[in-house]
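A short worksheet on the structure shown next.
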Amino acid sequence: MARRPLPRILSSGGASITRGREFARTAADSATDVLHPLITITRGLRLLAVAGRQRWAATPKDRRGSKLFLVAACLTAVALVPHGPVLALIAVMGAAAWKGRDRTPAKSGPGEAEETRLRTLYEALVPYFSVADDPAPLFAHGGDWEQAFGDYAFDGDGRLVRLRVTYPAWFTDGESEARTRIEQVVHAKSGRGREYHFVWDEEANQLAMTVLGPLPATIAAQRFVTAPGETVLGFTDPGSVGRTVPVQDGDAHHDASPVVWRTGPRSAEPHLLAVGTPGSGTTTLLRSIALQALRDGDVLVVDGGGTGEYGFLAGREGVLAVECGLAGALATLEWAAHETERRLIDANRERQAGRPASETTGRPLWILLDRPSVLGHLAAADGRPDPQDLLQVPLRHGRAAGVTVVLADQFDAVDGLSDAVLAHTRARAVLGAASREQVAAVLGAEPHTTPVPGVPAGRGYARLGAGEVLRLQVPATPDPYDEAAGEADRTAVLALLPERTAGEAAAEAPAAPADDPFEKRDAFRAPQPAVAEG
């Protein structure tokens, strides 16, 4: 027997039915809000009528006549008084509104399960916030937790999302070890797998704990609204920085809070060091910085890992070189050192002559060095100088010469970084899953949040100079020729690339058609920059 097809309204009208239901629900909610006073008065009149009927039923029969006479006399007096009926109607409506108001008692205080969780946390903090000779202990076994806890809130699963702890004045809240112990206890008792933010108010002896939501990891590389000399490293929590920029997040547009790194002659942090674990997103950060730097500057890229993650930049306008070998890296960095010296000499001559900086001197130069430790090992094995030694001139004098150095390496190679690199890279970023000790060793200060075990690529912390440690999520900036990456993110990166140089365009003219740019591969070669004489 043939199966009859479904009616059209059932097969293709699902969306219309859903929209109709949402419209009806919205209209009903709006009507309820508008008619809420009328509903309240109607409910009050019904309750008054029920109360009057019950009162009449409870009145003995021998007294009902006198009550009727009294009611009739009152009505007659009201009718004879000027504006009496209007005043009586107003009084009845007011009584009905008072009688019909919503008197459902608001939920106050935690539930049984929530109170048990708070008491458990209180008992866990007793060993850290109590001493034997305290005459009026705020924390004691079996004590009142309501005196110590306040401003608490729970989520749908009954776990804490906000809490304010008042601790004794004698607690050593100025010592990082003591604060870390308290944060670990609160973290463990409030639920693992989430990121907690702690704010210590040493003046008021209070600790505020809040649960942070995940940072947006879907923002792709794009042209950010920034001034010259500003680079968006990523995005952080709203309110952590006093600035927002419009971003495109998929198909939606909204404002996000950026971590802006300022470079140039007046920058206090002219160079950047990024440290992370394998796959943490340090290369993604360097690609994002390179795309932003190409808007008004020149870029030198040295890929110490030799993975070809920067091959898409070769042959583009503004890209002076993309090197992955030791010989090419040494030659490129040596040229960068001479170029820095030349820029300093030209800038000094222009200032003495009272003229502005020339175009060759004023155009920023960016040196991006990924995995310098690998090149250092290769240079030591080959008896050549460490490439980091060639960075001393750009690091020391780069701010005055318009040269910015960005380095990225892994945690296990931090000890191999030179003193010049560690001393002049005052802007720092830590990406990937790292402990508080590792973050503090790189940034110079512990974060105010608890690290989580699983984080997406590009997630970490940033600190610019002596500023606050901020959470950081780097924009998604994959290699556009990596087929494992999302097509939308790869397309976004290709849209930001500058045009190819005339030589590269002519060399690739007989190549495969460029209908699908992802099928075309660039030869990973780096044009050697000419070394400036003098």
Side-chain angles (χ1 to χ4, degrees), residues 110-130 139 141 145 148-167 171 173 175-201 206-218 234-240 275-281 411 430-443 445-462 468-474:
E112 182 179 356
E114 298 170 349
E115 184 176 355
T116 302
R117 183 180 289 272
L118 288 174
R119 182 170 294 280
T120 302
L121 177 58
Y122 176 84
E123 295 291 339
L125 292 175
V126 167
Y128 305 96
F129 286 147
S130 64
F139 284 81
H141 292 292
W145 60 267
F149 293 163
D151 191 22
Y152 46 79
F154 296 85
D155 59 8
D157 298 332
R159 297 195 299 175
L160 279 167
V161 296
R162 187 176 67 253
L163 178 66
R164 187 183 71 252
V165 181
T166 301
Y167 54 87
F171 178 72
D173 51 6
E175 300 178 0
S176 60
E177 295 80 4
R179 290 188 298 184
T180 301
R181 288 195 299 267
I182 300 301
E183 293 175 2
Q184 290 175 350
V185 173
V186 176
H187 177 202
K189 296 300 180 181
S190 300
R192 299 185 182 275
R194 300 183 296 176
E195 193 166 4
Y196 295 85
H197 182 258
F198 296 96
V199 176
W200 290 84
D201 188 354
Q206 290 184 349
L207 168 63
M209 181 273 291
T210 54
V211 177
L212 298 175
L215 293 175
T218 56
F235 299 92
T236 185
D237 299 294
S240 298
V275 181
T277 57
S280 60
F411 280 108
V430 174
L431 301 180
S435 62
R436 296 174 66 94
E437 292 75 13
Q438 289 178 317
V439 175
V442 176
L443 301 184
E446 292 187 355
H448 297 292
T449 61
T450 56
V452 291
V455 293
R459 173 68 175 84
Y461 301 93
E468 183 182 358
V469 179
L470 302 173
R471 292 205 306 168
L472 178 69
Q473 178 62 54
V474 179

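Bear in mind the structure is a predicted one, so any value in this text is a computation, not a measurement.
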Could you go step by step and tell me if Trp145 and Leu125 meet the side chain to side chain contact (heavy atoms under 4.5 Å, CB included) rule? CA-CA 10 Å; Trp145 60 267; Leu125 292 175; over 6 Å; no
Given the rule in the side chain to side chain contact (heavy atoms under 4.5 Å, CB included) test, do Val186 and Phe198 qualify, once you have shown the distances and angles that lead to the verdict? CA-CA 10 Å; Val186 176; Phe198 296 96; 3.9 Å; yes
Would Arg194 and Asp155 count as a side chain to side chain contact (heavy atoms under 4.5 Å, CB included) if you check the C-alpha gap in whole Å, the side-chain angles of each, and the deciding distance to 0.1 Å? CA-CA 13 Å; Arg194 300 183 296 176; Asp155 59 8; 3.6 Å; yes
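Pairing each heavy atom of Ala124 with each of Pro127, the nearest pair is O-CD, 3.4 Å. The two residues Tyr152 and Leu160 make their nearest non-hydrogen contact at CB-CD2, 4.2 Å. Scanning all heavy atoms of the two residues, the minimum distance from Leu472 to Ala462 falls at CD2-CB, 3.9 Å. Closest non-hydrogen pair, Ala434 versus Val439, comes out as CB-CG2, 4.0 Å. In this structure, Leu121 and Val185 approach most closely via the heavy-atom pair CD1-O, 4.3 Å. In plain terms, the two heavy atoms of Leu470 and Ser240 that are nearest each other are CD2-CB, 4.0 Å.
A donor-acceptor pair under 3.5 Å is absent between the side-chain atoms of Asp157 and the main chain of Arg159, judged by distance alone.
In this pair, Phe149 and Tyr122 present their aromatic rings perpendicular. The plane angle is above 60°, beyond the 30 to 60° band.
The shortest distance between side-chain heavy atoms of Val165 and Phe139 falls below 4.5 Å. Put simply, the side chain of Phe235 does not reach to within 4.5 Å of the side chain of Leu215, judged on heavy atoms.
Looking at residues two or more places apart in sequence or on another chain, you find no ring pair (Phe, Tyr, Trp, His ring centres under 6.0 Å) involving Phe411. Remark: Asp151 engages Arg162, Arg164 in a side chain to side chain contact (heavy atoms under 4.5 Å, CB included) (not counting sequence neighbours). Shown here are the side chain to side chain contact (heavy atoms under 4.5 Å, CB included) partners of Gln184, two or more places apart in sequence or in another chain: Thr180. Tyr167 pairs by the ring pair (Phe, Tyr, Trp, His ring centres under 6.0 Å) definition with Phe129, Phe171, Trp200, not counting sequence neighbours. For Asp237, the salt bridge (Lys or Arg N to Asp or Glu O under 4.0 Å) criterion is met by Arg471, not counting sequence neighbours. In this structure Ala441 satisfies the side chain to side chain contact (heavy atoms under 4.5 Å, CB included) test with no other residue, sequence neighbours excluded. In this structure Glu112 satisfies the side chain to side chain contact (heavy atoms under 4.5 Å, CB included) test with no other residue, sequence neighbours excluded. Residues passing the side-chain hydrogen bond (donor to acceptor under 3.5 Å, both in side chains) test with Thr218, sequence neighbours excluded: Asp249.
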For residues 448-459, tabulate all N or O donor-acceptor pairs below 3.5 Å that involve a side-chain atom, not counting sequence neighbours.
from: Thr449; atom 1: OG1; to: Glu195; atom 2: OE2; distance (Å): 3.2
from: Thr449; atom 1: OG1; to: Tyr461; atom 2: OH; distance (Å): 2.9
from: Thr450; atom 1: OG1; to: Tyr196; atom 2: N; distance (Å): 3.0
from: Arg459; atom 1: NH2; to: Glu195; atom 2: OE1; distance (Å): 2.6
from: Arg459; atom 1: NH2; to: Glu195; atom 2: OE2; distance (Å): 2.8

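Counting only residues at least two apart or in different chains, salt bridge (Lys or Arg N to Asp or Glu O under 4.0 Å) contacts with residues 115-130 are absent.
Within the model, atoms CZ of Arg436 and CD of Glu183 stand 4.5 Å from one another, a figure rounded to the nearest 0.5 Å.
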